[in-house]
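Quick note on labels: first sequence line is chain A, next is B, and so on, each numbered from 1.
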Amino acid sequence: MNRVLLRQFFDRPTLDVAKELLGKFLVGKEGSKTIAAMITEVEAYVGHKDRASHASRGRTPRTEVMFGKAGYWYVYLIYGMHYCLNIVTERDGYPAAILIRGVEGISGPGRVTKYIGIDKRYNAVPASRTSGLWIEDRGVVIKPQSIRRSKRIGVEYAGSWKDKKWRFWII
DNA sequence: ACGATGATGAAC
DNA sequence: TTCATCATCGTA
C-alpha cells in the first residue's frame, strides 16, 4: 500500500508539507534499478520575499519551475559540483519549494542526489512513477516529538530571513 | 579552514 | 562579455 504523493499533497502551505515529508520515501527508478530511501531532513523556501530562496530575484529561466505548479522537481547545480533536489509546493504562481537535505543513512543535499542518481534531467518534471522520480507514503508514522527544527543551512546572506526556523529533521 | 568547479544572474 | 556569488563536500 505504497501511496505515491501527487500534486494535491504538495499544493498546500510549504511548512506543513515540509514536516509531513519526514518519514516519506524518495524513490528513483532507472531501467530495472530502483532506489528508495526515507526522507529525514528538509528545508523550506517560501515566497518571493524569502531572500534565502532563489525565487527572491524573480522569475528567471532557472527559477521558473518554482513559480509553477506543485509536485514538480526543481534541480539545480550548486558550487559547480553538487545537485540539489527540491519539490515545488503551493499554488501556481507562488514560488515555494522544499529542499531534500537528507535521507536515511545519507546526510547532505549533494549526497542525496548522488546516492539516488539525480541530475538536471529531472528538473521541471513532475514527481511521478512515469518520470522515474517520486515520493511515496509507506505508512511510516513520525511522532511530532521526534521532529526537530532549526535555522536553514548556508543562507547567512539572507538578512532577517536567515533566522527562519524552516529546517526540519527527524531525531 | 579552505579549495574545487561551473552555472547563474547582474552589471557593464 | 565579464565577474561575483553560491540552499556543498571532502580534506585538513
- Message: Walk me through whether A:Lys151 and A:Asp163 qualify under salt bridge (Lys or Arg N to Asp or Glu O under 4.0 Å).
- Response: CA-CA 5 Å; A:Lys151 296 193 231 180; A:Asp163 295 322; 3.1 Å; yes
- Task: Return the stacking result for B:dA4 and A:Tyr79: yes when the ring centres lie under 5.5 Å apart and the planes under 30°, no otherwise.
- Result: no
- Item | Test side-chain contact (heavy atoms from CB on, under 4.5 Å) applied to A:Ile116 and A:Val27, A:Ile35, A:Leu85, the passing residue | A:Ile35
- Task: Validate the cation-pi geometry between A:Arg152 and A:Tyr45: distance from NZ or CZ to the six-membered ring centre under 6.0 Å, angle to the ring axis within 45°.
- Result: yes
- Query: Can a cation-pi geometry be assigned to A:Arg12 and A:Phe9, taking NZ or CZ under 6.0 Å from the six-membered ring centre and within 45° of the ring axis?
  - Reply: yes
- Item | Whole-Å distance separating the CD atom of A:Glu64 from the C1' atom of B:dA7 | 18 Å
Atom pairs, protein N/O to nucleotides 8-11 of chain B N/O, distance under 3.5 Å:
from, atom 1, to, atom 2, distance (Å)
B:dT8, OP1, A:Lys120, NZ, 2.6
B:dT8, O3', A:Arg62, NE, 3.3
B:dG9, OP1, A:Thr60, OG1, 2.4

- Message: With nearest nucleotide decided by heavy atoms, which residue, A:Met66 or A:Lys114, maps closer to the 5′ end of DNA chain C?
- Response: A:Met66
- Mind calculating the distance between CG (A:Asn86) and P (C:dA7) to the nearest angstrom? 11 Å
- Task: Could you check which nucleotide pairs with B:dC2 in any of the strands shown, counting Watson-Crick or G-U wobble with both distances under 3.5 Å?
- Result: C:dG10
- Decide yes or no, distance alone: a donor-acceptor N/O pair under 3.5 angstrom between the base of C:dA7 and the side-chain of A:Tyr76. yes
- Message: In this structure, how many angstroms lie between the C1' atom of C:dA7 and the OH atom of A:Tyr83, rounded?
- Response: 16 Å
- Note on the structure: Here the distance between atom P of C:dA7 and atom CZ of A:Arg101, to the nearest Å, is 11 Å
- Message: In this structure, how many angstroms lie between the P atom of C:dA7 and the NZ atom of A:Lys151, rounded?
- Response: 17 Å
- Query: C:dT11 P sits how many Å from A:Arg111 CZ, rounded?
  - Reply: 10 Å
- Message: In this structure, how many angstroms lie between the P atom of C:dA7 and the CD atom of A:Glu41, rounded?
- Response: 16 Å
- Pi-cation contact, A:Phe168 with A:Arg149 (under 6.0 Å, within 45°): no
- Tell me the partner of B:dA10, counting only Watson-Crick (N1-N3 plus N6-O4 or O6-N4) or G-U wobble (N1-O2 and O6-N3) with both under 3.5 Å; none if nothing fits. C:dT2
- Just compare B:dA4, C:dT8, C:dA7 and give me whichever is closest to any side-chain atom of A:Met81. B:dA4
- Message: Regarding A:Arg51 and A:Ser56, do their side chains bring together a donor and an acceptor under 3.5 Å, going by distance alone?
- Response: no
- Message: Looking at A:Glu30 and A:Arg121, is any side-chain nitrogen of the basic one under 4.0 Å from a carboxylate oxygen of the acidic one?
- Response: yes
- Could you state the CD1-P distance from A:Ile100 to C:dT8, rounded to the nearest angstrom? 15 Å
